[in-house]
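I have placed the structure first, in the form of C-alpha cells, so that the comments after it can refer back to it.
If you read the sequence from its start, that first residue is 1, and numbering goes on from there.
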Amino acid sequence: MPDDKILISWDDLNSRKVEARLREQQAVARNREYAQLKEDALPVATAPAKPSIWSSSIFYMSVFGLIGGLLAWSAGAVAVAPLTSYLGAALDYRPNDRAESEALLADIRQIEAARVVGQLTDEQAQGSADEVRRAGRRNPYFRIATDVNLSEAQRQARRETVEAGARHARFVIDVVSYGVCGMMLALCLTAAEPLTQRKFAAAARSGAAGALLGLIGGAAAALLAGRVSSAGNGSAGWTRQLFVDSVEWGAMGLFLGLAPGLILRNGRKLLIGVAGGLVGGLIGGALFAPVQALAHQPQIARGFALVAIGVVAGLATGYIENAAKSGWLKVATGIIAGKQFILYRNPTYIGSAPDCQIYLFKDPQVGKRHAAIHLLPTGIEIENLPLGTATIVNDRPVARARIKNGDQIRIGGTCFHFQEKRPRGK
C-alpha cells in the first residue's frame with residue numbers, strides 16, 4: 001500500500017464511500033505494482049485448450065431446443081387434457097364429434113342397406129340401429145342428423161349453433177395449447193446462452209422474458225389459425241394443410257427469438273433470434289402433417305413437430321449468429337475454455353459481476369467490472385478498468401488499446417483470442 005492518506009469526514013463514516021474509496025485505492029496500488037514488473041515476469045498466454053462441445057452455440061442451442069420441444073409436448077398435453085374435459089362438460093364439446101357422427105351415420109346406412117337386401121330382419125335392423133343411436137346420444141351432430149322432428153332448415157340452424165360453440169372451444173384450447181408450447185420452447189431457447197456461461201440470474205431473467213413472449217406468440221399463432229385456414233381454402237388439401245401448419249407454427253417461432261434481443265436491447269441480436277425462430281417454426285410446422293400421416297397419431301405428430309421446431313430454431317439461431325458475427329472473443333484458457341463471446345453490446349463488460357456480458361467467475365484477480373470492449377466505427381478497443389489486476393494484451397498491460405485479429409488478451413486467469421472477420425474502419 002502507498003503512504004497516501006485517505007481523508008474522510010464524519011459523514012463519510014456513515015456512508016458507503018469509505019469502502020468504495022478503499023477498494024479503488026487497493027486496485028490502483030495493485031496496478032502500480034503490476035506495472036513495475038519486468039517484461040519476462042508477465043504472464044504468457046498458453047496454447048488454446050481443447051474446446052468443450054458446449055462452446056458451440058449451434059450445439060447448445062439445438063440441445064436446449066430439443067429439451068424445449070419435449071417439455072412443450074408434455075406440458076401442452078397436461079394443460080389441454082383437463083381443459084378439453086371441462087369444455088366437454090360445459091359446452092358439450094369434444095374434438096372428434098364431427099368425425100364420430102359421420103362414422104355413426106355410416107353404420108346406420110349399412111344397417112339399413114343390410115335390411116333392404118334381406119341380410120337383417122326388420123327387428124334385427126331396428127335393434128342394431130338403436131344401439132348405434134345409444135352410442136351417439138352425447139354427440140350433438142349425430143343427434144341433429146337423426147332427429148326426425150327437425151326440418152332441413154332447423155337442422156342447418158342447429159348445426160351452425162353447434163359449430164359456433166365448437167369454434168369457440170377450439171380457439172380456447174388452441175390458445176392454451178400453443179401458449180404453453182411456446183412458453184416452454186422460448187424458456188429453454190432464451191435461457192440457453194446464459195446457462196452455458198453459468199449466469200443463473202441472467203438465465204432466469206431471459207427465461208422469464210422468453211416464456212412471456214412465447215406465451216404471446218402461442219396466442220398469436222392460435223389467432224392466426226382460423227384466418228390462415230380460411231385463406232388457404234382454395235388450395236388442394238395437402239398443400240393447404242402444409243401452408244396452414246407452417247404459417248401457424250412460424251408465427252409462434254417468430255416470437256420465440258425475440259427475448260434475447262429485447263433483454264440485451266440489441267437490434268442485431270433481435271434480428272438473429274427472430275430469423276432463427278421463424279425458420280424453426282416454418283420447418284417444424286411443415287413437418288406436422290407428413291408425420292401425422294405416417295404415424296396416424298396426432299399426438300405423435302404434434303410431439304415430433306414441437307421437437308423439430310425447437311431443434312431447428314436452435315440450429316438456425318446458432319448458425320445465423322455464427323454467420324453474422326464480425327468480432328468475438330474465444331476463451332483459450334480458464335474455466336470456460338473454448339467458449340466464444342460474440343461482441344454485440346457496446347460497451348461489452350468483462351468482469352466477475354454476473355451482470356457483465358462476459359462473466360469470469362471464481363477468479364479473485366478479476367474485478368467486478370474489470371475491462372470494457374468498445375465497438376467504434378474505426379475499430380474495436382479494450383479499456384482496463386481500475387477494479388482488478390492489469391488487463392494484458394499480447395503480454396503487455398494496457399490502459400486502453402486497439403485490438404486486432406489474432407490478439408491475445410489475458411484477464412486474471414483467463415486468456416482470450418480476439419478474432420474478427422472484417423476489420424472495422426476499412
Side-chain angles (χ1 to χ4, degrees), residues 45-62 64 190 192-199 202 206 257 260-261 263-273 275-276 314-351 355-361 366 369-384 391-394 398 400-426:
T46 58
K50 185 178 180 179
S52 164
I53 193 169
W54 285 101
S55 64
S56 168
S57 60
I58 295 177
F59 176 79
Y60 70 70
M61 287 298 292
S62 60
F64 276 87
T190 52
E193 183 174 356
L195 279 177
T196 61
Q197 301 173 25
R198 302 188 188 182
K199 298 168 71 171
S206 295
I263 290 174
L264 290 175
R265 294 189 292 275
N266 186 282
R268 188 176 182 184
K269 183 75 170 176
L270 184 71
L271 291 174
I272 289 172
L315 282 170
T317 302
Y319 181 80
I320 294 170
E321 190 172 72
N322 277 333
K325 66 185 180 183
S326 58
W328 65 98
L329 293 176
K330 184 175 182 179
V331 182
T333 62
I335 298 176
I336 51 175
K339 178 71 180 173
Q340 290 188 19
F341 295 93
I342 299 172
L343 301 176
Y344 291 115
R345 191 79 174 264
N346 191 22
T348 295
Y349 287 106
I350 307 171
D355 62 348
C356 288
Q357 286 73 47
I358 301 178
Y359 174 38
L360 303 179
F361 45 89
V366 178
R369 277 193 174 179
H370 194 110
I373 302 287
H374 299 275
L375 310 178
L376 306 175
T378 56
I380 298 178
E381 296 181 356
I382 186 167
E383 177 188 10
N384 181 63
T391 298
I392 311 297
V393 177
N394 295 332
V398 298
R400 181 161 177 158
R402 168 82 177 269
I403 52 177
K404 58 186 182 299
N405 188 50
D407 282 351
Q408 294 180 344
I409 301 167
R410 179 177 287 277
I411 294 177
T414 302
C415 179
F416 300 92
H417 286 173
F418 172 70
Q419 295 173 300
E420 59 181 335
K421 286 184 178 178
R422 184 176 61 257
R424 292 178 173 228
K426 292 187 178 181

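Atoms OG1 and CD1, from Thr348 and Ile373 in turn, are 7.0 Å apart once rounded to the nearest 0.5 Å. Of the inter-residue distances, the one linking Lys330 atom NZ with Ile342 atom CD1 reads 12.5 Å to the nearest 0.5 angstrom. Taking CD1 from Ile409 and CD1 from Ile392, the interatomic distance works out to 11.0 Å, rounded to the nearest 0.5 Å. Distance check, rounded to the nearest 0.5 Å: CG of Leu329 to CD of Gln419 gives 9.0 Å.
For Tyr349, the ring pair (Phe, Tyr, Trp, His ring centres under 6.0 Å) test picks out no residue, with sequence neighbours left out. With sequence neighbours excluded, the residues that form a side chain to side chain donor-acceptor pair (under 3.5 Å) with Asn394 are Asp407.
The closest side-chain heavy-atom distance from Thr391 to Glu383 is not below 4.5 Å. Side chains of Phe418 and Ile382 form no contact here, defined as non-hydrogen atoms less than 4.5 Å apart. The shortest side-chain heavy-atom distance between Ile380 and Glu420 falls under the 4.5 Å cut-off.
Note on ring orientation: taking the six-membered ring where Trp is involved, the planes of Tyr60 and Phe64 are perpendicular (angle over 60°, cut-offs 30° and 60°).
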Please step through side chain to side chain contact (heavy atoms under 4.5 Å, CB included) for the pair His417 and Gln408, ending with a clear verdict. CA-CA 5 Å; His417 286 173; Gln408 294 180 344; 3.3 Å; yes

Go through the steps for Asp355 and Arg369 under the test side chain to side chain contact (heavy atoms under 4.5 Å, CB included), then give the verdict. CA-CA 9 Å; Asp355 62 348; Arg369 277 193 174 179; 4.3 Å; yes

Could you check Ile350 against Phe341 for side chain to side chain contact (heavy atoms under 4.5 Å, CB included), going step by step and ending with a plain yes or no? CA-CA 11 Å; Ile350 307 171; Phe341 295 93; over 6 Å; no

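When every heavy atom of Gln357 is checked against every heavy atom of Pro347, the shortest pair comes out as OE1-O, 3.9 Å. The two atoms that bring Ile411 and Ala371 nearest to each other are CD1-CB, 3.9 Å, heavy atoms only.
His370 pairs with exactly one of Leu360, Ile358, Asn384, Thr414 by the side chain to side chain contact (heavy atoms under 4.5 Å, CB included) rule, that one being Asn384.
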